[in-house]
Amino acid sequence: MKRLLKYSIAALFFMQSLAAFSIGLTYQYPLYPYVRDLSQTLTFKFMLRCAVEDDIHNKDLSKVAKYFQQIDCVSRGVPKVVVLGGFQQGGHDHTYPWWCPVDTTLYAPGGLKGRDAIFWLMNEVKKYNVSCTFHVNPFDAYMDSPKWDMYVEKDLLCREPDGSLVKGDVWWNRQSYFVNMVNEWNAGVTKQRVDEFIKQFPFVKETGVLYLDNQTQYPPSPYHFVTREDQISAIKKIAEYLRNEYGIQIIGEYADVNLYGIGTLGMTWDWWASLNINQMEIPPYIVCGGRDGTHDDLGGGKIDYTKRRFQVFGASVQLEDHYRNPVWMTRELSHHTFVAFYLNRLLRLKYETEEPLSITLTLSDNVVSKYENDSTHRLYRDGKLMKEGHDVFIPVYWVNHPEIMAYSVKGRDGYWDFPREWKAVKAVDIYGVNEDYTQLVCLENGREVKDNRIHLTQQPDKIMYIVPAGTDMTDRTIIYDNPPSGSAVFLAKDLTTQGNWKGRYGKKGYDVVGCPTQLPEKVSLTYIGDSIEMLATNSSRTVALQKPEGKGRIEAIRTSVLHQLVDVSVPEETKVSLYLADYKQKNCQEVIDVIDVNTKRILASHLLNDFENGAYLSFKVNGHVQFRLTRFFYDHYGNPDYPTFSAIFFDKLR
């Protein structure tokens with residue numbers, strides 16, 4: 001008996017030791033830069049069929065297409081991704097853990113049903129600048145799924161310590177259980193369900209986005225010694241497989257720090273829960289968000305003052321709860337999406353709070369976003385009002401002409417100031433939408449403009465588009481259709497030269513922070529959103545840059561709290577090199593993107609860390625580009641120091 005007890009105790013300690021080790025999966029980190037920049041893409045959800053017969057149904061896909069046409073009209077052709085929910089047999093939350101087949105009650109013109117009807121919808125709505133993807137769930141499993149027996153037999157479900165199945169919530173009167181993602185991956189079944197899904201819907205590769213529901217649950221499986229962290233690693237493994245095999249990025253229900261550098265958007269953001277993302281640490285092109293209704297009372301709810309940041313930083317829309325209602329859709333897009341997309345293009349410079357409710361966010365281009373103590377959000381540029389509560393007067397920057405969108409929920413009579421770029425405009429045309437919300441209609445031609453401002457009498461819930469008189473509104477092209485402002489190709493990383501740049505870099509010109517500048521002819525250089533720190537003007541360390549004139553070395557940086565821009569224009573192909581050094585040895589990690597100035601598309605990208613001895617990043621550049629330096633967190637949301645930049649050098653290409 002003692003011997004048996006001895007072995008039992010030994011076995012217990014062995015099992016505990018196993019539990020101390022992670023059995024998660026290795027994966028690629030990060031998956032940035034992403035396939036799509038969702039901070040500039042209207043991403044919304046639409047439910048086709050719910051699991052309960054008398055609940056929401058949108059089985060007639062011609063009516064769905066009509067609604068997407070209305071969204072396109074109101075949103076002025078902005079790129080869109082729609083997440084289709086309830087597409088699988090039986091409706092929303094059915095067939096899990098498998099993601100198909102398609103529900104056969106969906107129908108489209110020409111007698112099309114099921115999968116053929118979905119394909120019709122996907123092709124039809126392309127002309128409305130809409131790309132389709134799907135709402136799938138990686139975790140949930142139901143006993144009535146056709147794959148249930150396989151998951152039980154292969155032991156692919158989470159189990160409690162006693163071997164019983166780990167239960168999830170009850171959805172649509174059906175008990176859900178959780179998939180053991182680690183076991184599923186190791187058994188090869190994860191790839192099977194992804195591959196079968198993409199085979200059914202190959203156009204998702206064209207969309208480049210897939211929505212994973214409930215991705216913050218990460219249920220452990222104690223019986224298998226699979227931890228929450230192991231499940232997170234499995235989700236990242238799925239993301240890696242989708243990206244590398246099919247060119248698809250994942251988005252999810254929430255903005256989750258555990259998926260930093262992996263997931264690109266939280267559709268619901270936090271769904272009445274605490275805000276998990278610090279937006280002064282994460283810019284929208286790394287992680288952006290939808291909206292959950294907690295930050296205003298238009299839906300009849302009570303304002304949640306702990307969510308004031310939603311308005312200050314901007315959040316787009318979800319639209320899931322307002323099916324085919326063009327009035328509500330217009331209201332949502334006007335004071336959320338238009339504002340969020342405008343703010344998302346700017347640099348976040350400073351975030352300040354003042355009791356009891358005031359928040360002030362200072363951004364680049366002299367823009368200030370404020371939630372004031374009267375419980376109203378206001379937006380200013382150059383001190384001029386652009387938004388006050390639900391009244392908005394904001395540029396539609398993605399169209400190929402100057403345009404302003406004006407909207408008021410309750411109606412407004414008064415003046416608005418045009419942006420500084422409109423000073424030469426002497427008259428404007430004003431447009432609205434027709435009763436069907438499918439076309440623009442001219443409301444007024446040639447309204448005179450004085451002192452760069454306009455008086456508007458705005459009717460409740462009526463959107464207006466204001467353009468310089470004579471603008472061709474039949475032109476549907478947007479800035480993303482335009483040729484790039486420049487080009488950039490990554491050439492090399494140099495970790496050996498350190499601060500000894502003379503004779504190696506800058507033969508055509510240079511700018512060393514803290515020293516006199518010598519630029520090549522016809523080259524322009526501007527810095528945006530940074531500040532200079534002089535760390536050591538007479539350094540003896542070899543990592544410090546040689547001073548351009550005379551002897552000695554200098555340690556000086558341009559830095560920011562989150563991100564900064566180096567705006568460069570060169571008249572011909574040139575080797576442009578940045579020097580970056582973690583002088584303070586504070587675990588810096590930053591991503592250097594070279595972006596097209598016109599469209600903000602990424603032309604080249606490089607993630608840099610471990611550069612305490614200095615690093616030169618060289619690019620072949622032509623035309624007008626911006627180097628965007630962003631504080632980039634480590635896996636599991638580590639805490640690197642702020643971005644650092646010390647010099648730029650110009651040389652001939654060999």
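Bear in mind the structure is a predicted one, so any value in this text is a computation, not a measurement.
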Of all residues at least two apart in sequence or in a different chain, which pass the salt bridge (Lys or Arg N to Asp or Glu O under 4.0 Å) check with [X]?
| X | value |
| --- | --- |
| Lys113 | none |
| Arg601 | none |
| Asp169 | none |
| Arg159 | Asp155 |

Charged N-O contact under 4.0 Å between Glu245 and Lys191: no
Lys/Arg N to Asp/Glu carboxylate O, Lys199 vs Glu196, below 4.0 Å: no
All pairs passing salt bridge (Lys or Arg N to Asp or Glu O under 4.0 Å) where residues 81-96 contributes a residue, at least two apart: none
Arg174 NZ/CZ over Tyr96 ring centroid, <6.0 Å and within 45° of normal: no
Residue among Tyr211, Phe197, Phe87 satisfying ring-ring contact (aromatic ring centres under 6.0 Å, His included) with Trp99: Phe197
Aromatic ring pairing Phe46/Tyr67, orientation class (parallel under 30°, perpendicular over 60°, tilted between): tilted
Donor-acceptor pair, side chain of Gln88 and main chain of His94, under 3.5 angstrom: yes
Contacts of type ring-ring contact (aromatic ring centres under 6.0 Å, His included), residue Tyr29, not counting sequence neighbours: none
